[in-house]
There are 2 protein chains.
Amino acid sequence: MLTISQLAATAGVTVRTVRHYHHVGLLPEPDRDASGYRSYSAQAAVDLIRIRTLADAGVPLARIDALLHAQPTEFAAAITDIDVELQRRIDQLTEYRRRIAELAGGERLVLPPEVVAILNRMRDLGIGERRVRLERDAWILMRALDPHAVPQRIRDKNAAFDDPGTTRLYLACDRAVDWDPHDPRLDRLIDDLDAWEISHERDSGRSGYLKLVISRISEASPAWQRIVAVLTHRAEQRRTAEHNS
Amino acid sequence: MLTISQLAATAGVTVRTVRHYHHVGLLPEPDRDASGYRSYSAQAAVDLIRIRTLADAGVPLARIDALLHAQPTEFAAAITDIDVELQRRIDQLTEYRRRIAELAGGERLVLPPEVVAILNRMRDLGIGERRVRLERDAWILMRALDPHAVPQRIRDKNAAFDDPGTTRLYLACDRAVDWDPHDPRLDRLIDDLDAWEISHERDSGRSGYLKLVISRISEASPAWQRIVAVLTHRAEQRRTAEHNS
DNA sequence: TCCAACCCTGACGCAGGGTCAGGGTCAACC
DNA sequence: GGTTGACCCTGACCCTGCGTCAGGGTTGGA
């Protein structure tokens with residue numbers, strides 16, 4: 001006959017665990033000796049080890065009781081389920097290992113590889129990290145708000161970077177972020193952007209596209225705010241002129 | 001800007017989880033909009049995903065905060081630790097899969113292979129399942145109470161089964177379990193056991209060995225109880241006789 | 001006889017959320 | 001402009017599977 005700590009040691013659990021199983025009715029309370037100590041049979045050890053085997057495998061205690069009293073057929077089916085679940089958890093942990101390894105590596109965790117590639121393309125072009133981060137944030141918001149639009153946008157962006165003219169403008173905008181809003185170079189840049197917008201509006205049918213791209217991230221830069229304001233004004237004028245003609 | 005459910009969906013968690021992280025101070029409370037709704041930036045999505053990546057890997061929430069604000073060196077060391085721990089859990093789950101598969105298979109889970117082999121040897125000899133179970137329980141108790149003695153006992157048992165005479169006696173005992181205590185065949189068996197005990201006492205230097213083996217499991221059988229009683233009595237007489245001579 | 005190492009019951013604590021109560025908002029359609 | 005359904009808010013209790021503490025009694029060896 002075993003004391004509770006001997007039983008617990010046999011199954012590799014704590015005394016508290018055994019008492020817990022009594023409390024929830026999973027392991028029957030054994031007889032007591034003269035002084036009220038619980039006194040266990042070898043069968044209790046067998047039962048406890050079977051319980052632990054299932055509990056270790058992640059079966060909730062509440063299910064174990066029913067399981068151990070089930071018919072062999074149901075039991076076998078349940079075992080198969082549990083095994084499948086275990087394998088699933090193993091795969092999951094393996095996946096988590098992969099992700100953990102990427103934790104140090106910036107945006108790889110948050111964005112799909114195609115977008116990460118675009119961000120890296122921007123870095124390769126020499127665009128500043130601050131601007132790249134704004135771009136990253138824009139992608140994150142887009143994915144949360146309108147995931148449907150992401151694939152098309154990926155194509156557009158890549159097309160833009162495939163075009164040297166557009167790329168040059170992009171770089172120019174990036175450098176302009178710290179300029180004074182009244183810097184004379186800004187006027188030349190605005191002219192270029194306006195011309196770019198006119199030609200690309202014709203191509204793609206989308207209007208105000210450039211303004212949209214810049215506006216969401218222009219809060220931090222007075223120069224960009226001026227760009228947006230002037231471009232908006234000019235587009236307005238063009239529409240009025242067309243209307244009058 | 002994102003609402004709480006959009007943010008939660010982006011990271012694949014529930015709204016409740018995000019609020020929980022605010023509550024424990026893991027994720028900073030964002031600004032509110034005019035109606036008191038939380039309004040999240042893209043950076044919050046990045047933070048949340050990083051938190052989940054660590055939490056999924058089993059890092060307690062309480063540690064995550066410190067971890068994300070740690071120096072790159074410490075951070076890298078912690079990541080290595082976490083990865084090691086993940087691998088350990090994967091190995092553990094794999095082991096649990098193995099054990100689960102053995103759940104249907106009786107005592108394999110509870111006893112070391114050498115003992116299982118002995119039990120199977122008993123079955124092969126034609127010893128009844130009831131007796132085998134009693135033997136199994138004896139082994140379990142022995143392992144719990146005096147694990148040190150197990151290896152020697154394994155050798156003894158195997159030696160006993162290697163000896164045809166002993167094996168025959170074992171089988172005879174097994175069949176006697178259901179006999180009436182006054183069955184005349186029992187007297188012949190007792191004589192044989194007594195002779196066996198005398199000769200083996202000389203060999204091994206252990207005395208009362210047989211009685212010890214049987215006594216613990218004789219509760220269920222009146223015939224065995226009589227065997228133990230008679231053998232004890234005779235051994236007593238022998239000791240008295242030796243003393244007087 | 002004393003001490004450490006057991007045993008007992010009962011109760012609270014913990015992570016990581018789930019879930020309900022009781023209420024306010026928003027957007028769209030009729 | 002009213003209704004509907006999907007959101008949002010706070011606060012509070014519930015869950016699992018034990019750990020841990022409190023406040024005792026028992027046992028076995030030096």
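Residue numbers begin at 1 in each chain, while the letters A, B, ... track the order of the sequences.
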Query - Sequence neighbours excluded - ring-ring contact (aromatic ring centres under 6.0 Å, His included) pairs with any residue from residues 80-110 of chain B - result: none
Report task. Just grab all the ring-ring contact (aromatic ring centres under 6.0 Å, His included) pairs involving residues 33-66 of chain A, residues at least two apart or on different chains. Result -> A:His22-A:Tyr40
Report summary line: In this structure, OG1 of B:Thr94 is separated from CZ of B:Arg89 (nearest 0.5 Å) by 12.5 Å
Report each atom pair, protein N/O against N/O of nucleotides 21-28 of chain C, whose distance is under 3.5 angstrom.
{"from": "C:dG24", "atom 1": "N2", "to": "B:Tyr37", "atom 2": "OH", "distance (Å)": "2.7"}
{"from": "C:dT25", "atom 1": "O4'", "to": "B:Tyr37", "atom 2": "OH", "distance (Å)": "2.9"}
{"from": "C:dC26", "atom 1": "OP1", "to": "B:Ser35", "atom 2": "OG", "distance (Å)": "3.3"}

**Report entry** Phosphate OP1/OP2 of D:dC8: any B:Thr3 side-chain N/O under 4.0 Å
**Finding:** yes
Query raised in the report: Who are the salt bridge (charged side-chain N to carboxylate O under 4.0 Å, His left out) partners of B:Arg226, not counting sequence neighbours?
Result: B:Asp187
Report task. List in numerical order all residues of residues 14-32 of chain B for which some heavy atom is under 4.0 Å away from an atom belonging to DNA chain C. Result -> B:Thr14, B:Arg16, B:Thr17, B:His20, B:Tyr21
Report task. To the nearest 0.5 angstrom, please state how far the CZ atom of B:Arg97 sits from the CG atom of A:Asp83. Result -> 4.0 Å
**Report entry** salt bridge (charged side-chain N to carboxylate O under 4.0 Å, His left out) involving A:Asp33 - partner list, sequence neighbours excluded
**Finding:** none
Query - Side-chain donor-acceptor contact under 3.5 Å, A:Asp91 with A:Gln87 - result: yes
Return all side-chain donor-acceptor pairs below 3.5 angstrom for residues 51-68 of chain B, not counting sequence neighbours, or 'none' if the list is empty.
{"from": "B:Arg52", "atom 1": "NH1", "to": "B:Tyr21", "atom 2": "OH", "distance (Å)": "2.6"}
{"from": "B:Arg52", "atom 1": "NH2", "to": "B:Asp56", "atom 2": "OD1", "distance (Å)": "2.7"}
{"from": "B:Thr53", "atom 1": "OG1", "to": "A:Arg99", "atom 2": "NH2", "distance (Å)": "3.3"}
{"from": "B:Thr53", "atom 1": "OG1", "to": "B:Ile49", "atom 2": "O", "distance (Å)": "2.7"}

Report task. Measure from CZ on B:Arg63 to C1' on C:dA15 and round the result to the nearest Å. Result -> 15 Å
Query raised in the report: Do B:Val15 and B:Ser5 have side chains that get closer than 4.5 Å, going by heavy atoms?
Result: yes
Query raised in the report: What pairs with B:Arg38 under salt bridge (charged side-chain N to carboxylate O under 4.0 Å, His left out), at least two apart in sequence or on another chain?
Result: B:Glu29
Query raised in the report: When you measure from every atom of DNA chain C, which of residues 92-103 of chain B have a heavy atom less than 4.0 Å away?
Result: none
**Report entry** DNA chain D-proximal residues of residues 47-62 of chain B, any heavy atom under 4.0 Å
**Finding:** none
Query raised in the report: Which residues pass the salt bridge (charged side-chain N to carboxylate O under 4.0 Å, His left out) test with A:Arg98, sequence neighbours left out?
Result: A:Glu95, A:Glu102
Query - Atom pair NE2 (A:His23) and CZ (A:Arg16), whose distance is rounded to the nearest 0.5 Å - result: 8.0 Å
Between side-chain atoms of residues 138-151 of chain B and protein atoms elsewhere (two or more places apart, or another chain), which donor-acceptor pairs fall under 3.5 Å?
{"from": "B:Trp139", "atom 1": "NE1", "to": "B:Glu135", "atom 2": "OE2", "distance (Å)": "3.1"}

